[in-house]
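In what follows, a structure is listed as structure tokens, so that the remarks can point back to it.
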Amino acid sequence: MLLLAAVPLASAQPAATHLDNIKQLTFGGQNAEAYWAPDGRRLIFQSTRDKLECDQIFIMNADGSDQHLVSTGKGRTTCAYFLKDNRHILYASTHEADPACPPPADRSKGYVWAVYPGYEIYLATDDGKILKKLTDTSGYDAEATVNWKTGKIVYTSMQSGDLELWTMNSDGSAKKQITKTEGYDGGPVFSRDGKHIAWRANHPSTPEGLKQYRGLLAENLTTPMKMELFVSDADGSNARQITDYGCASFAPTFTPDGKKIVFSSNKHACDSRKFELYMINVDGTGLEQVTGFGGFTSFPEFSPDGKKLVFASDHDAKARYEFNIFTADWR
């Protein structure tokens, strides 16, 4: 059952020194990657719920009310984001490749993610009308976010034959590859001023690691359990690694002032599925743990006014593999 109003969680604050007034916005299903509208009044997120067999894109009010589908209901979708006008959205979808959900990743090869070649990025109105296909390549295009100041989009693409970061304008023009190191580069996000990008990456450094990476990629798979965070200028220059934990760190988001990054990591329980939120300076110093819920917590993003943080978590889940969207006041 999906309730439509936020519920305060008085007990949901272990080790959450920066979080007050935590509220749960969704109840049941698998809900993740919730991102704010520029005016702070709505959130866009992906969800597998009710009779859906795989993720579709939903929008809700910032208090959790009026949750409704805005993607086609076909294929699998991921990584939705508002454009700066509050009225348009983008997201990745496989619906043109096949209206059915693509098969899940083959876990006989270990814990792997599928990078479905049918994913393309679409521009739509906030009521779901698709206006334009922004990418059109033979491989994976997804994981797009938007900088509201510049209008630039940063995303992950297989256009070069490897999983690299690219940028483009909000109409799909001026596509440019900005990373060129073999390995997975993904989950990119701009700083608010549009001058910097943070992302997750796995760049195999041994012949054995490269062989495994290439073999999985040939099957449209990648392994997510060894990821580090990187920061660069907006054009990809001056790239530098800011974590070195040998675990899985991902879902970075800049603090509003651009001086720190909040992210998710299992560095406290490497190789496990237990992830907490952490905060670090953009130079890699000053690591601080933000949450201590004991399960999976990820996908943080600050509200446009900087006063709230949205994130996804299995905290207080009533079923296995249930993930919900939460907001909290930031201090």
| task | Return yes if some donor-acceptor pair links the side-chain N/O of T253 with the main-chain N/O of E301 below 3.5 Å, else return no. | result | no
| query | Any idea which heavy atoms bring L83 and P38 closest together, and the distance? | reply | O-CG, 3.3 Å
| query | More than 12 non-hydrogen atoms from neighbouring residues, nucleotides or ligands closer than 6.0 Å to CZ on R240, yes or no? | reply | yes
| M279 and T255: side-chain contact (heavy atoms from CB on, under 4.5 Å), yes or no, with the steps? | CA-CA 9 Å; M279 184 162 60; T255 55; 4.1 Å; yes
| said: With a 3.5 Å distance limit and no angle check, can you tell me whether D50 reaches the backbone of L52 through a side-chain donor-acceptor pair? | reply: no
| Is there a side-chain contact between L217 and M158, using heavy atoms and a 4.5 Å cut-off? | yes
| query | With sequence neighbours left out, which residue pairs that include part of residues 111-130 fulfil the salt bridge (Lys or Arg N to Asp or Glu O under 4.0 Å) condition? | reply | R42-D126, R87-D126
| To the nearest 0.5 Å, how far apart are NZ in K308 and CG in L43? | 10.5 Å
| Side-chain contact, heavy-atom cut-off 4.5 Å: T78 with E33? | yes
| said: Aromatic contact between Y184 and Y213, with the criterion being ring centroids under 6.0 Å apart: yes or no? | reply: no
| Residues that F299 engages under ring-ring contact (aromatic ring centres under 6.0 Å, His included), provided they are two or more places apart | F250
| R76, Q46, Q30, R49 screened by side-chain hydrogen bond (donor to acceptor under 3.5 Å, both in side chains) with D55, the one that passes | Q46
| task | Examine I153 and I130 and state if one hydrophobic cluster contains both, with Ile, Leu, Val, Met, Phe, Trp and Tyr joined whenever side-chain heavy atoms are less than 4.5 Å apart. | result | yes
| note | F190 meets the ring-ring contact (aromatic ring centres under 6.0 Å, His included) criterion, sequence neighbours left out, with none
| request: Kindly work out whether a path of hydrophobic side-chain contacts (I/L/V/M/F/W/Y, heavy atoms less than 4.5 Å apart) joins M227 to L287. | output: no
| Is the side chain of D162 donor-acceptor paired with the backbone N or O of G183 at a distance under 3.5 Å, no angle test? | yes
| message | Between R192 and P304 (side chain of the first, backbone of the second, donor and acceptor by atom type, cut-off under 3.5 Å), is there such a pair? | response | yes
| message | Please determine whether residues Y91 and Y155 belong to a single hydrophobic cluster, defined as Ile, Leu, Val, Met, Phe, Trp and Tyr linked transitively by side-chain heavy-atom distances below 4.5 Å. | response | yes
| task | Can you measure from CD (E182) to CZ (R214) and round to the nearest 0.5 angstrom? | result | 4.0 Å
| Just wondering, do I178 and I197 contact through their side chains at under 4.5 Å, heavy atoms? | yes
| query | For Y119 and E143, what are the C-alpha separation, side-chain angles and deciding distance, and is it a side-chain contact (heavy atoms from CB on, under 4.5 Å)? | reply | CA-CA 10 Å; Y119 267 133; E143 305 179 32; over 6 Å; no
| said: Using a 3.5 Å distance criterion without hydrogens, assess whether the side chain of E276 forms a donor-acceptor pair with backbone atoms of V290. | reply: no
| field | Pairs satisfying disulfide bond (SG atoms under 2.5 Å apart), at least one member in residues 178-258, at least two apart | value | C247-C270
| request: May I have the step-by-step check of salt bridge (Lys or Arg N to Asp or Glu O under 4.0 Å) for D271 and K226, ending in yes or no? | output: CA-CA 8 Å; D271 296 324; K226 302 294 180 186; 3.1 Å; yes
| message | Please report the interatomic distance OG1(T222) to CD(Q212), rounded to the nearest 0.5 Å. | response | 9.0 Å
| Out of curiosity, F323 CZ to S298 OG, how far, rounded to the nearest 0.5 Å? | 10.0 Å
| query | Looking only at atom types and distance, does a side-chain atom of K260 sit under 3.5 Å from a main-chain N or O of G258, one as donor and one as acceptor? | reply | no
| Which pair of non-hydrogen atoms, one from S303 and one from W36, has the smallest distance, and what is that distance? | N-NE1, 3.3 Å
| Would a 4.5 Å heavy-atom cut-off, applied to side chains only, mark Q177 and L165 as touching? | no
| said: Tell me whether K132 contacts the main-chain N or O of D171 through its side chain, where contact means a donor paired with an acceptor under 3.5 Å. | reply: yes
| Regarding T137 and Q159, is there a side-chain donor-to-acceptor distance under 3.5 Å anywhere? | no
| Donor-acceptor contact present, side-chain D20 to main-chain D329, <3.5 Å | no
| query | For K133 and E96, what are the C-alpha separation, side-chain angles and deciding distance, and is it a salt bridge (Lys or Arg N to Asp or Glu O under 4.0 Å)? | reply | CA-CA 10 Å; K133 189 177 181 179; E96 279 194 297; 3.0 Å; yes
| Does the side chain of E164 reach to within under 4.5 Å of the side chain of T156, using non-hydrogen atoms? | no
| request: Over all heavy atoms of both residues, which pair between V189 and P252 is shortest? Give the atoms and the distance, please. | output: CG1-O, 3.1 Å
| Under 3.5 Å: donor-acceptor pair, side chain of T94, backbone of G118 | no
| message | Between L277 and H18, does the side-chain contact (heavy atoms from CB on, under 4.5 Å) criterion hold? Intermediate values first, please. | response | CA-CA 11 Å; L277 299 185; H18 287 280; over 6 Å; no
| message | For a 4.5 angstrom cut-off between non-hydrogen side-chain atoms, does F326 reach L19? | response | no
| Would a 4.5 Å heavy-atom cut-off, applied to side chains only, mark P204 and N202 as touching? | yes
| More than 12 heavy atoms of other groups within 6.0 Å of K274 NZ | no
| W199 and S232: which non-hydrogen atoms are nearest, and at how many Å? | CZ3-OG, 3.3 Å
| task | Would you please test K175 and T135 for side-chain contact (heavy atoms from CB on, under 4.5 Å) and show each step? | result | CA-CA 9 Å; K175 292 181 175 67; T135 61; 4.0 Å; yes
| task | Applying side-chain hydrogen bond (donor to acceptor under 3.5 Å, both in side chains), name anything that partners H196, two or more places apart in sequence or on another chain. | result | none
| message | Given Y35, which partner from the list W148, F45, F82, Y81 fulfils the ring pair (Phe, Tyr, Trp, His ring centres under 6.0 Å) test? | response | Y81
| field | Neighbour count above 12 (heavy atom, 6.0 Å) for K74 NZ | value | no
| said: To the closest 0.5 Å, what do you measure between OG (S157) and CG (D185)? | reply: 12.0 Å
| remark: Scanning both residues in full, the closest heavy-atom pair of L229 with S249 reads CD2-O, 3.7 Å
| In terms of hydrophobic clusters joined by side-chain contacts under 4.5 Å, are F302 and F254 together? | no
| remark: Of all heavy-atom pairs linking I325 and A312, the shortest is CD1-CB, 4.0 Å
| Under 4.5 Å between side-chain heavy atoms, hopping through other hydrophobics if needed: is there a path connecting Y140 to L216? | no
| said: When you compare the side chains of D66 and N61, does any donor N or O come within less than 3.5 Å of an acceptor on the partner? | reply: no
| task | Apply side-chain hydrogen bond (donor to acceptor under 3.5 Å, both in side chains) to S138 and list each qualifying residue two or more places apart in sequence or on a separate chain. | result | none
| Can you check whether G246's main-chain N or O pairs, donor with acceptor, with E228's side chain at less than 3.5 Å? | yes
| task | Name the orientation class of the two ring planes belonging to F230 and H203 (parallel below 30°, tilted from 30 to 60°, perpendicular beyond 60°). | result | tilted
| query | What distance separates N324 CG from F27 CZ, expressed to the nearest 0.5 Å? | reply | 7.0 Å
